[in-house]
Amino acid sequence: MDGAKIPAHIGIIMDGNGRWAQSRGKDRSYGHREGTANVERITERAFTRGVKTLSLFAFSSENWARPKAEIDELMRLLETYFKKFLKKLQRENIRITVMGDISAFTVKLQKIIEKSVDSTKTNDGGVLNIGINYGARQEIAYAVNKILEKGEKVTVENISANLYTAEFGEPDLIIRTGGELRLSNFMLYQGAYSELYFTDVLWPDFDETELDKAIEEYGHRHRRFGKIEQQ
Ligand code: FPP
């Protein structure tokens, strides 16, 4: 992969935890636990490869419709994740940010998240941006409301500047694991010109080699941003 074009910003829709667990005769929560362990592996690989920002879709605004036991397990995993990996990410100089409305979480979880964000805010070795209680349509509405509150004009640039990701820009590459061919309300505004990579591999099986494959494929794409390619 030496010399390959590396996407500065990758977004990942981490799908397939439930099916991965069920195919092993286990409950869906087991899949989410394995999925969380995989977040650690993939984060490490992405930053080692030179990715600057990694945006992960961990919990969507629509996931609240899942059974309570599954939501409770996802909340517990988020809590453990932010607590357990904070030190490691701190050592690796990674900044943690979140996109989404965290006010819907327990005060305890909000505090844990805020501590992770706050204590890593000056790190400049990479950004791990986690989408929790996140939905792209809600994000666009949130950005437009912020603009209106400031009495500013709604423009394409101003919407971009008021999204959660204003600082990190648009993903060059969006990966979706788990075989579905859709974006499911993930980074719809920022993803207008992102390269898309879909794989049948379920998230817990999407290992370092799979990430390398996606990056490699990105290296062969020709991005035109709506323009005619220069000869
Ligand atoms: C989709 O699998 C995955 C989710 C809804 C949650 C993703 C969460 C994690 C990977 C763990 C928490 C993340 C962090 C950053 C700590 P699914 O349940 O929809 O699987 P299925 O399509 O097979 O049913």
Side-chain angles (χ1 to χ4, degrees), residues 10-47 51 53-90 92 94-100 102 104-106 108-110 112-117 120 126-136 164-165 171 174-187 198-208 210-211:
I10 298 182
I12 309 185
I13 303 170
M14 308 179 288
D15 197 11
N17 294 342
R19 277 166 287 160
W20 184 89
Q22 281 162 345
S23 71
R24 285 163 177 76
K26 310 262 191 190
D27 63 15
R28 299 172 56 81
S29 295
Y30 178 72
H32 293 314
R33 287 197 287 280
E34 280 302 309
T36 305
N38 199 38
V39 167
E40 190 188 355
R41 289 191 285 270
I42 292 303
T43 303
E44 186 155 349
R45 180 63 139 229
F47 292 124
V51 171
T53 304
L54 184 63
S55 291
L56 302 178
F57 203 5
F59 190 86
S60 81
S61 320
E62 289 74 31
N63 285 155
W64 294 109
R66 294 193 175 208
K68 186 175 178 302
E70 187 174 342
I71 293 175
D72 288 348
E73 177 64 10
L74 281 167
M75 293 300 127
R76 203 189 59 75
L77 283 171
L78 284 171
E79 214 176 288
T80 317
Y81 176 81
F82 279 105
K83 281 204 283 209
K84 188 165 160 215
F85 296 122
L86 179 59
K87 274 206 187 93
K88 186 166 186 277
L89 294 168
Q90 193 69 282
E92 289 164 1
I94 303 296
R95 175 176 168 198
I96 302 174
T97 59
V98 291
M99 52 178 185
I102 66 164
F105 298 138
T106 61
K108 185 178 173 212
L109 181 53
Q110 287 182 49
I112 292 170
I113 295 169
E114 278 159 7
K115 184 174 171 216
S116 303
V117 171
T120 60
V127 177
L128 178 60
N129 176 40
I130 303 185
I132 33 182
N133 195 19
Y134 172 78
Y164 291 119
T165 51
I174 294 179
I175 297 171
R176 179 172 188 146
T177 65
E180 309 286 1
L181 305 179
R182 53 176 172 261
L183 289 173
S184 299
N185 210 10
F186 181 68
M187 300 187 98
F198 296 100
T199 171
D200 288 338
V201 176
L202 304 174
W203 173 248
D205 287 332
F206 187 86
D207 60 11
E208 290 94 334
E210 293 294 336
L211 178 68

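As the structure lists them, so they are numbered: ligands from 1, and atoms in each ligand from 1. Throughout, numbering of the chain's residues begins at 1 and tracks the sequence.
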Peer 1: Between Asn38 and Trp203 (side chain of the first, backbone of the second, donor and acceptor by atom type, cut-off under 3.5 Å), is there such a pair?
Peer 2: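 Here the side-chain-to-backbone pair exists.
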
Peer 1: Parallel, tilted or perpendicular, judged at 30° and 60°: which one describes the rings of Trp64 and Phe59?
Peer 2: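 Perpendicular: the ring planes of Trp64 and Phe59 meet at over 60°.
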
Peer 1: Atoms of ligand 1 less than 4.0 Å from Asn63 heavy atoms?
Peer 2: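 Once the distances to Asn63 are compared, the set is 5 (C).
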
Peer 1: With a cutoff of 4.0 Å, is Gly178 in contact with ligand 1, counting heavy atoms of the residue only?
Peer 2: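 False for this residue.
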
Peer 1: Give the atoms of ligand 1, by number and element, whose distance to some non-hydrogen atom of Thr36 is under 4.0 Å.
Peer 2: 11 (C), 12 (C), 16 (C)

Peer 1: Distance under 4.0 Å to a non-hydrogen atom of Tyr81: what atoms of ligand 1 satisfy this?
Peer 2: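 Reading through ligand 1 atom by atom, the close ones are 16 (C).
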
Peer 1: Judged on heavy-atom distance to atom 14 (C) of ligand 1, which of Ile42, Leu202, Thr80, Leu78 sits nearest?
Peer 2: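 Answer by nearest heavy atom: Leu78.
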
Peer 1: Do Phe206 and Ile175 have side chains that approach each other closer than 4.5 Å (heavy atoms only, starting at C-beta)?
Peer 2: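 Touching, per the 4.5 Å side-chain cut-off.
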
Peer 1: Number the atoms of ligand 1 from 1 as they appear, then name those within less than 4.0 Å of a heavy atom of Trp203, with their elements.
Peer 2: 10 (C)

Peer 1: Could you list the residues that satisfy salt bridge (charged side-chain N to carboxylate O under 4.0 Å, His left out) with Lys26, not counting sequence neighbours?
Peer 2: none

Peer 1: Regarding atom 19 (O) of ligand 1: of the candidates Arg19, Glu40, Arg66, Gln22, which has the closest heavy atom?
Peer 2: Arg66

Peer 1: Just by distance, do the side chain of Asp27 and the backbone of Tyr30 share a donor-acceptor pair under 3.5 Å?
Peer 2: yes

Peer 1: Flag the pair Glu79 and Arg76 as a salt bridge only when some basic side-chain nitrogen lies within less than 4.0 angstrom of an acidic carboxylate oxygen.
Peer 2: no

Peer 1: Backbone or side chain, does any N or O of Trp20 fall under 3.5 Å from an N or O of ligand 1?
Peer 2: no

Peer 1: Provide, to 0.1 Å, the distance between atom 1 (C) of ligand 1 and the closest protein heavy atom, together with that atom's residue and name.
Peer 2: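 The answer is Met14 O, 3.2 Å.
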
Peer 1: Is any NZ, NE, NH1 or NH2 atom of the basic residue among Lys88 and Glu44 found under 4.0 Å from an Asp or Glu carboxylate oxygen of the other?
Peer 2: yes

Peer 1: Can you name the atoms of ligand 1, numbered from 1 with element, that are less than 4.0 Å from a heavy atom of Gly18?
Peer 2: 17 (P), 18 (O), 20 (O), 21 (P), 23 (O), 24 (O)

Peer 1: So which protein heavy atom does atom 15 (C) of ligand 1 come closest to, and at what separation?
Peer 2: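 Checked against all protein heavy atoms, atom 15 (C) of ligand 1 sits closest to Ala58 CB, 3.9 Å.
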
Peer 1: Any nitrogen or oxygen of Asn17, main chain or side chain, under 3.5 Å from a nitrogen or oxygen of ligand 1?
Peer 2: yes

Peer 1: Using 4.0 Å as the upper bound for N to carboxylate O, is an ion pair formed by Asp15 and Arg176?
Peer 2: yes

Peer 1: Quick check: does any side chain N or O of Tyr134 sit under 3.5 Å from a backbone N or O of Met187, one acting as donor and the other as acceptor?
Peer 2: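 The answer is yes, because a donor-acceptor pair under 3.5 Å joins these two groups.
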
Peer 1: I need the contact type for Glu180 against ligand 1. Using non-hydrogen atoms and a strict under-4.0 Å cut-off, is it side chain, backbone, both or neither?
Peer 2: neither

Peer 1: If we check side-chain contact (heavy atoms from CB on, under 4.5 Å) with Thr177, which of these qualifies: Val201, Asp200, Thr199?
Peer 2: Thr199

Peer 1: May I ask you to identify the nearest protein heavy atom to atom 4 (C) of ligand 1, giving residue, atom name and distance to one decimal place in Å?
Peer 2: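 Nearest neighbour among protein heavy atoms for atom 4 (C) of ligand 1, to 0.1 Å: His32 CE1, 4.0 Å.
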
Peer 1: I'd like to check whether Asp15 has a polar contact with ligand 1, where a contact means an N/O of the residue lying under 3.5 Å from an N/O of the ligand.
Peer 2: yes

